[in-house]
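Notes follow the structure.
Just so we're on the same page: letters track the sequence lines, and every chain starts at 1.
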Amino acid sequence: MTATVSTPTAAPAAAAAAAVPKARFDWVPLALVAALALAAWPLIGSSSTWLTLTVAGLAMGLIVFITASGLTLVFGLMDVLNFGHGVFIALGAFVATSVLGATAGWTGGFGQLGGVFLAMLVAMATAGAIGWAFERVIVRPVYGLHLKQILITMGGMIVGEEIIKMIWGPGQIPLPLPDVLRGSYLIGDAAIGKYRVLAMVIGLVVFAALVFTLNRTKIGLLIRAGVQDREMVESLGYRIRRLFVGVFVAGSALAGLGGVMWGLFQQNVIPQLGGQVNVLIFIVIIIGGLGSTLGCFVGALLVGLLANYTGYLTPKVALFSNIGLMVAILLWRPQGLYPVTNR
Amino acid sequence: MLNRILSHDLPKSRWLAIALVIILIALAVAPFAFPGSKALSVAAKMLVFVLLVASYDLLLGYTGIVSFAHTMFFGIGAYGVAIASTRLGEGFGAVLAGLGIALVISLVLSLVIGLFSLRVKAIFYAMITLAVAAAFQTLASQLSDLTGGEDGLTFKNPGVLSPSFELFEEPILGVMVDGKLFSYYLLFVVVLVLFLALLRIVNSPFGRVLQAIRENDFRAEAIGYRTVVYRTLSNVMAALFATVAGALLALWLRYTGPDTTLSFEIMLDILLIVVIGGMGTMYGAVVGAVLFVLAQNYLQDLLKIGETALANVPVLSSLVSPDRWLLWLGVLFVLSVYHFPTGIVGKLRARALQRAAA
Amino acid sequence: ADEIRIAHIYSKTGPLEAYGKQTALGFLMGLDYATGGTMAVAGKKLVVIEKDDQGKPDLGKSLLAAAYNDDKADLAVGPTSSGVALAMLPVAEEAKKILLVEPAVADSITGDKWNKYIFRTGRNSSQDAISNAVALDKAGVTIATLAQDYAFGRDGVKAFKESIKNAKIVHEEYLPTTTTDFTAGAQRLIDKLKDQPGRKVIWIIWAGAGNPFKIADMDLKRYNIEIATGGNILPAMASYKQFPGMEGATYYYFGIPKNAVNEWLVANHYSKHKTPPDFFTAGGMSAAIAVVEALKKTKGDTATNKLIGTMEGMSFDTPKGKMTFRKEDHQAMQSMYHFKIKADPAFAWGVPELVREIKPEEMSVPIRNKR
Amino acid sequence: MSNILELSGVHTHIGAYHILHGVDFAVPAGEVTMLLGRNGAGKTTTLRTIMGLWQPSQGDVRFKGRSLKGQATPDIATQGIAYVPENMGIFSDLTVKENMVLAARAARHAGELDTKRLDWIFDLFPALKKFWLYPAGKLSGGQKQMLAVARAICEPRELILIDEPSKGLAPSIIQNLISAFNELKRQRTTILLVEQNFMMAKALGDHVAVMDDGRVVHRGAMRELAEDQSLQQRLLGLSLGAHQ
Amino acid sequence: MLETKDLTIRFGGHVAVDHVSCAFKPGTLTAIVGPNGAGKTTYFNLISGQLPASEGRVLLDGEDLTGLPAPLRTRRGLGRAFQLTQLFPNLSVRENVRLAIQARESGRGKGGPMGGLDLWRVWLDRQAWVDEAEALLAQVRLADKRDVAASALPHGDQRKLEVALLIALDPKVFMFDEPTAGMSVDDVPVILDLIRSLKQRRDCAILLVEHKMDVVRELSDRIIVLHNGALVADGEPAAVIASPVVQQAYLGMAAEEPA
Ligand SMILES: Nc1ncnc2c1ncn2[C@@H]1O[C@H](COP(=O)(O)OP(=O)(O)OP(=O)(O)O)[C@@H](O)[C@H]1O
Ligand SMILES: Nc1ncnc2c1ncn2[C@@H]1O[C@H](COP(=O)(O)OP(=O)(O)OP(=O)(O)O)[C@@H](O)[C@H]1O
Ligand SMILES: [Mg+2]
Ligand SMILES: [Mg+2]
């Protein structure tokens, strides 16, 4: 047998480089949100009702986004699935009851709003601080071990809930909205809750801030690298531990903020709140693609809108609208809307 | 002989062997050795949880699948018996029919969930099952005509198993030989047999493949194992065993409701037990279930003592208040994931190994 | 024996921990009151054995069995949750001992799941619903209901509807127990009510988490729609503060009943705990008084049949005035209170002011057991 | 000639296993020291101990005269040590570019990478240029190895620890690698190199340490070992006409 | 025996394997060489089913395997050892090999009526599998480490275990992806001897990816060269190695390709 040799077509480097495609931005999931809203319009019939429901749904979605964003952040960057996230949400809400209780004397529109913002700050600080301890004691030994993460953070959740009961008591605590945030703006026949407007603004701010830090700074890179091979990042000379702590604290603080938003939305809080929202936020981040901030955002909006539309059109269906949405999305995109690679 | 019964999976640690023998004997003579209805309910609950947790260990410890829908199958078994007994009237026929239908439903459901979602990554699967379990709970509450909704179903057991049945007028060894006693021994025998069956399964060639899949599913595929088939099968089997455990619980309680079978808390209990006992060791289910149920039932009493002792120390006394027993269970849990990553059984075995090496 | 042992099984922990603790406190205060501080009846000491069912039916069941068999309790009181109570009923029957249900509300406890060992001092959901109906039932009123979509909510609405004679019910809205956003439901209610003439009311029956009163934020006033609901524990009534003028009927509010027992309760509660007694405190006290009264009548005899005989038809004075166990189903017939909310800055909650006491005779509470 | 790195009596335990039993050797500054030995001899463990990824239980590691004992890995790295681990330590979710940006500590984004050095790297490993924006996990085995080495040399370092860089590389790339290391040597960078490829060891090494069973069993000049066949046979099991 | 027809895969716009058609005969050892990133590993992945082909077909003894998932191809007789070691990390060395033997046996329907789904027999009852595993470990000089967890082995021993897994499968086609990379010099001959003895059996085809040219020269009966995914040379070792393509693109001092 003799050799059959063909000359390699010396591929020009430029062509080869061009052949390696850059990821294009995927608009489809965002379009889905719009499509859902538009499709609901004729079904609902009345434009004012549609407007009321749509705005309410978007606001609800953004509140859910805030509560879930910390979880996505921690999962997306650090690959830690924090089943204890709910506790930080509950903690934020309880701190808000205390702060708003103490600032009850602050009157007038500005005073009341100031109280609310103070509550947010304090809740974020508290949740962040507890998150710091949580990371040290509970999460640190189990980086990279999913199963243990699930188990140990669940244990943390139990303990956290009990401690909340110890401090604030086991019962329900009212968290009334200050008067400035009560009531609705009326656009024709459509009623748009004032608090919902505030929630939308805060949700969008959180979203923008997250997207900026993750995509425009080296921090995001470092953390993603650290998750895959922490020893290597350290060998390159970075103190990854501190960064990890930072991310966890940020995630917990976001949960605290989410807790305040959620508590004010519900206007009361119970210690079991964490467990109750857990399922909802898990559904949202699964839909989003586990770890994608944009995915979580879109997922939350879809959940919010769909809950309101089905609730209006066929309330029975609303019971299963979240899980139905999740199944549908996963059948369409098995990794969620915006899949995060290697997960 | 013993080796065959235990499928060559011996305790491999003297202390573990001793513990297992004590547990076996204690459970076998519980109605006589520990009279009183609380002790008996505790023992029965241990039995049910041994089976339930062992079936979950097949999934979690051996196959490496994290599922939060295990209580769903537990519930299906319990509701199967409860619904059949209320609809068809008490009797063994109803119990068997209920169990049969429940097994079929569990089979189909676990097959569907398995085929649909076992291809996705572990974490995805865990969260999907969490949502499915929540939805199932809603469904059970919605179908209240059938399931009794939030209140659950109270029903009567077939003749010999009902508490009013008494074989003799007089107590034997200080214990009334009644339906309760029969129910207990029914549980005991079924759990013992099924546990040994599970032990056999995990030590079969099939069970070994499950471990391989847990370790490296990519490699398992590359040497010719179809992992989806194995995973699904493991999922189905775990579901079926859990269904039986649910049916046993229903028979024992003569009551089935969402709180006893479907609630997320039960799922947490299962997880706690697997971890404390030791994942991937069937014996962990036994040791873990026994310790956990004991703690669940007696930790409060223990804390009560602590509280009285510390009554004057302000913060501490509220920490050890019996009402905060769950706090301590949680702490125990965290510590055991932390310090006994391989659970009690793993720890005992490692010690035995070290001693053998030294 | 020179002791009478009473088991009190309730949710010391679990989702209803807060309710359970109120009951327990009220129960002990009630024993204290009814025995004149001696904690003894006919020379026999009362011993209370407290047990925590954690809100779990299976645990409740085994605890009750243990209480009767192991602790030799003569009778038992509790539990907090209806699910637990329903699981407990057969245990009392097997042990042939009395279970005095307080405060679990499900109708079926004294309905189709009832047995002769079961008594209840707490109100049942029919009583709740009917009293509300009586409070709202006037000609020219249009009502839509909003309830949780499960058995408890549906039963409540059903009982409510059955007792409405004059008003018109145009819509029943059921929402999932886990609802957090009420906009959709509220919009449906508005659509149904806004073009109706006369007084328009949304009657809400809701228990547990979730806050249906948020629907008021949708500016119901622009359509002249009012909200009505039953009473609740004080923290939950904080949201009532937003609705001055809201009407409904409640089981208990410490400021409403005017009688010696309630005065004693309020005064002692204030002095010991710096807070007023709540919903379930009153219930716990009523249960204790019922137990002591019955024992006094039997002169400390705890034989079950004798107790049953004594208690059937027995009347006793409670913080809510006179209650009577009716013979047929052992449900305590009791007054309910038609209220109107006043926002008083001195209180963190909306204060229900008495409009009218609804006497037991005015409510035809159906007997649903198969006796 | 001074020693930039000195190991004296280093013992390392991994869990219950005693892996290094008193490792002694020195790495002279500005030259290439080869660390040779059979599989399992403890070479990787030695490098990891230097990097602080395992802590020595006894003995001392001194870098430029100062002890590294007890210091955390990032602190050791920032003193001027780069490390190419045996498993390459590629961040597979990140692109090649992002991997490089992380390796350059000073750079905040790709625009701040040292372009001259980058061109040199692209010359050595053309594949990296081609796959610049590609997720590194999708590179071929050899390309990953190139990336791992490229990361270690993308900024000047005083000492580079490299664990078997030649494995899986095509012969032409190995040639590039040798010339790269020679270039580094010219820049007075010290290299501690673990290799199984004796041809490469011969071509590069100034000094050699041979390990067996957690100890250093031979120290000396590379030239000596390269010429002494019987020593090779005894230390490394190299037979005549060995596979090079 | 094994044949690929126009086998192609594209990742986005990048063609990693480009219309490779080639047939492999039993009893021959074909070395596959090419620069890093030429597509050798990817070619293996396409043959053994780890990646789905964009185009083209894989035939084994005339049977079309193209649509089959990886495990079924393995059962048909395509065995694979990986470039990046793939083991069962927390199982013992012996158990790693035993599992491969079990896979082979049950794949051939010898594992009882239910094949690999044998739920009821205890694994130890199949002593033959255990014995075979022991024998194989002795062959690759890992016998004294049989009870160690695979993850605790040093790199070189892991490579040996990787090869042992493939040999345990006893396939019709052996695919070795750089089996000796990172192995110490005195262990390399052990693996090479194993490969040689496989060759002598003359009933199996052997595919070997290897960068060490002396190994290639000594073992191979035929060399094929991949470059940028395409098959650019095919023939007798001496001729191929001497060809300018190989000299320049692979061995040569010149850069792999213009940058
Ligand atoms: N994580 C670990 N747990 C237990 N033993 C280990 C571990 N890592 C390495 N070892 C053992 O330490 C010894 C030295 O391993 P090391 O990886 O340092 O060898 P090496 O010289 O780098 O070998 P190779 O040439 O194969 O890479 C080996 O016997 C190995 O089994
Ligand atoms: N899953 C994938 N996605 C995208 N590109 C890939 C993927 N797998 C491989 N490639 C690309 O295909 C090309 C061929 O890779 P392959 O691993 O087959 O090379 P190789 O010939 O085995 O090289 P080496 O000798 O370095 O191992 C590489 O350029 C690689 O980047
Ligand atoms: Mg090494
Ligand atoms: Mg390759």
Side-chain angles (χ1 to χ4, degrees), chain A residues 44 46 48-49 52-53 55-57 59-61 63-64 101 104 162 165 169-177 179 181-186 189 191-196 262 265-273 276-277 279-280 304 307-313 315-316 318-322, chain C residues 11-22 55 146 149-150 172-191 194 208-223 232-242 278 280 345 348-350:
Chain A
I44 290 168
S46 146
S48 66
T49 304
T52 307
L53 292 176
V55 174
M60 161 87 181
I63 294 176
V64 172
E162 290 300 304
K165 283 187 199 161
Q172 181 183 31
I173 298 185
L175 181 58
L177 264 181
D179 293 330
L181 294 174
R182 285 186 173 277
S184 300
Y185 299 110
L186 292 181
D189 245 2
I192 293 170
K194 290 180 188 166
Y195 177 66
R196 294 187 190 247
W262 188 267
F265 180 56
Q266 287 294 303
Q267 302 182 16
N268 61 40
V269 295
I270 50 171
Q272 295 82 7
L273 180 124
Q276 286 171 354
V277 291
V279 173
L280 177 65
N308 268 319
Y309 293 149
T310 52
Y312 183 77
L313 295 169
K316 272 279 176 216
L319 267 175
F320 300 97
S321 76
N322 288 344
Chain C
S11 289
K12 263 174 182 264
T13 62
L16 301 182
E17 177 170 341
Y19 297 179
K21 288 191 161 154
Q22 290 185 3
L146 170 59
D149 190 9
Y150 73 121
E172 295 166 30
E173 181 74 28
Y174 297 99
L175 295 179
T177 38
T178 50
T179 305
T180 46
D181 192 345
F182 290 83
T183 314
Q187 193 64 47
R188 286 161 62 93
L189 286 164
I190 292 174
D191 289 355
K194 66 180 175 192
N211 183 354
F213 300 101
K214 287 191 303 192
I215 64 175
D217 282 346
M218 294 187 58
D219 224 344
L220 300 176
K221 285 196 208 88
R222 62 194 153 127
Y223 304 113
N232 208 330
I233 55 170
L234 297 176
M237 288 208 298
S239 52
Y240 292 15
K241 210 174 169 183
Q242 311 302 330
D278 206 347
F280 295 98
W349 53 84

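With a 4.5 angstrom heavy-atom cutoff, C:K194 touches chain A only via side-chain atoms. For A:Q272, the part lying near chain C is the side chain, with the backbone staying farther off; criterion is any non-hydrogen pair under 4.5 Å. Looking at A:Y309, there are no atoms closer than 4.5 Å to chain C (heavy atoms on both sides), in backbone or side chain. If you measure heavy-atom distances from A:L186 to chain C, the contacts under 4.5 Å come from the side chain alone. Residue A:I192 does not touch chain C at all, counting heavy-atom pairs closer than 4.5 Å. Within the 4.5 angstrom heavy-atom criterion, atoms from both the backbone and the side chain of C:T180 approach chain A.
For C:Q242, the side-chain hydrogen bond (donor to acceptor under 3.5 Å, both in side chains) partners two or more places apart in sequence, or in a different chain, are A:R182.
Considering only heavy atoms from C-beta on, A:M60 stays 4.5 Å or farther from C:T183 through its side chain. When side chains are defined from C-beta on, A:T52 counts as touching C:M218, because their heavy atoms get closer than 4.5 Å. The side-chain heavy atoms of C:Y223 and A:D189, taken from C-beta on, include a pair separated by under 4.5 Å. No side-chain heavy atom of A:Q172 sits under 4.5 Å from any side-chain heavy atom of C:N211.
Interface summary for chain A: among C:K241, C:M237, C:R222, the most heavy-atom pairs under 4.5 angstrom belong to C:R222. Of the listed residues (A:P176, A:G183, A:A59), the one with the most heavy-atom contacts under 4.5 Å to chain C is A:G183.
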Checklist entry - Hey, mind stepping through A:F265 and C:D181 against side chain to side chain contact (heavy atoms under 4.5 Å, CB included) and telling me if it holds? => result CA-CA 9 Å; A:F265 180 56; C:D181 192 345; 4.0 Å; yes
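Note: C:R188 CZ to A:L53 CG = 10.5 Å, rounded to the nearest 0.5 Å.
Judged by the 6.0 Å distance and 45° axis criteria, A:K316 is not positioned over the aromatic ring of C:Y174.
Taking every heavy atom of both residues into account, C:P176 and A:L319 meet most closely at CB-CD2, 3.3 Å. The two residues A:G171 and C:A18 have their closest heavy-atom pair at CA-CB, 3.6 Å.
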